[in-house]
Protein chains: 2
Amino acid sequence: MIPRLADTDDVQDLVALLRARGQRVTSQRLVILRELRRRERHASAEEVHHAVHRDLPGISIPTVYATLELLAELGLARKLKAGTGVSLYDARTEPHQHTMCRRCGRVDDLECELDADALLRVARARGFRPDCAELTIWGLCEDCAAVAGCLDS
Amino acid sequence: MIPRLADTDDVQDLVALLRARGQRVTSQRLVILRELRRRERHASAEEVHHAVHRDLPGISIPTVYATLELLAELGLARKLKAGTGVSLYDARTEPHQHTMCRRCGRVDDLECELDADALLRVARARGFRPDCAELTIWGLCEDCAAVAGCLDS
DNA sequence: ATTGGTGCAAATCCTTTGCAATAGC
DNA sequence: GCTATTGCAAAGGATTTGCACCAAT
């Protein structure tokens, strides 16, 4: 089933990691990673499930969740919680920051350096073992700010 | 019912805010804020509900949720999502940073300055209206790191 | 041939909603 | 007395689990 859907060219790294761990290379895993990489924004499990239906009509929600979790564990995706509590997944694994809208839950990336060394030092001194630092800026996105602006004034 | 439970001395600010907004001063509201202030750690709605049972045996979970949400809206509490997705509430309203354990979901405060001005500028330039910036350091707490250390090696 | 992965259905967990009863103003 | 708040029960949404079947090794 795999060869039809997938030259594995663009997901070689996943194939290698799975083989190295003695895990199986399935079409679901390839397609989900490919979908995640094709998007520029963070995607929820449900969005991924919907998007992937085109390639794999029978794919189930539990499989999507399990696969996204696996990708995060393999370091091929990052998982984060939107303001609404929904889990979002992102194939951009290099550290970056986020804005989160308190009203609609929208999450966007923010391209900007962050120097968190001092904080990481403090965390380590406390016995915590950090693996990444991320800054979240809370507020209102442009659309919600426009609405709120009308209401407030 | 209020006077017995509560000199309102320690929650005057809440009383004042409620009066100013034409909202009612209820024992539930006073007791929940007091409980939140008595704790040094973040509390989930369920923990607050349990703790408050002593003073108000009949208090319901929906009331606890509604009240915590109200306190956050009034600026008397901060709401954040733990790594597990559970909402946590904290009466410390001055900005501070957090460590979150990927394994057990534990959240702790980190006392350290954070300079996020550059990021806030970028966010504003994009049309976002920020109201607070918070840094989350992900990793393993001391206990989980100890366990993981044994397993990994 | 083995057994790890999948799909299905159902369960779980956290949180919110609808509505009648109650308590603050 | 009027109406915001409450408590109850039930619904809702996101995520996870149990288990039989299927497909990758």
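Quick note on labels: first sequence line is chain A, next is B, and so on, each numbered from 1.
- Atom-to-atom, CD1 of Ile59(A) to P of dG5(C) comes out at 14 Å; the value is rounded to the nearest Å.
- At dT6(C), one or more side-chain N or O atoms of Thr26(A) fall inside 4.0 Å of OP1 or OP2 (strictly under the cut-off).
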> Which is it for Arg41(B) and Arg39(B) under the side chain to side chain contact (heavy atoms under 4.5 Å, CB included) test, yes or no, and what are the steps along the way?
Replying inline: CA-CA 6 Å; Arg41(B) 294 272 307 286; Arg39(B) 306 183 153 243; 5.6 Å; no

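- Whole-Å rounding puts the Arg29(A) CZ to dT25(D) P distance at 10 Å.
- Residues of residues 16-24 of chain A that place a heavy atom closer than 4.0 Å to DNA chain C, in numerical order, are Gln23(A), Arg24(A).
- For dT15(C), one of the phosphate oxygens OP1 or OP2 lies less than 4.0 angstrom from a side-chain nitrogen or oxygen of Ser87(B).
- Between Ser44(A) and dA14(D) there is no side-chain polar atom (N or O) within less than 4.0 angstrom of OP1 or OP2.
- Side-chain atoms of Gln28(B) lie closest to dT6(D) of the nucleotides dT15(C), dT6(D), dT15(D).
- Across the protein-nucleic acid pair, Ile32(B) atom CD1 and dG7(D) atom C1' stand 13 Å apart, rounded to whole Å.
- The pair Arg106(B)-Asp108(B) counts as a salt bridge, with a side-chain nitrogen and a carboxylate oxygen less than 4.0 angstrom apart.
- Looking at Asp109(B) and His42(B), their side chains do bring a donor and an acceptor atom within 3.5 Å of each other.
- Separating the CZ atom in Phe128(B) from the SG atom in Cys101(A) is a distance of 6.0 Å, to the nearest 0.5 Å.
- By the 4.0 Å N-to-carboxylate-O rule, Arg102(A) lies too far from Glu73(B) to be salt-bridged with it.
- Here dA14(D) presents its C1' atom at 10 Å from OH of Tyr89(A), a figure rounded to the nearest Å.
- Transitive grouping of hydrophobic side chains (ILVMFWY, heavy atoms separated by less than 4.5 Å) brings Leu30(A) and Val48(A) into a common cluster.
- Note: CD (Glu46(B)) to P (dT16(C)) measures 15 Å, nearest angstrom.
- Look at Glu134(A) and Arg78(A) and you find a salt bridge, because one of the NZ, NE, NH1 or NH2 atoms lies within 4.0 Å of a carboxylate O, short of that distance.
- Using a cutoff of 4.0 Å between basic side-chain nitrogens and carboxylate oxygens, Arg124(A) and Asp131(A) are not scored as salt-bridged.
- A heavy atom closer than 4.0 Å to some atom of DNA chain D occurs in Pro62(B), Thr63(B), these being the qualifying members of residues 61-83 of chain B.
- Ionic pairing of Glu94(A) and Arg92(A) is present here: one or more N-O contacts between side-chain nitrogen and carboxylate oxygen are shorter than 4.0 angstrom.
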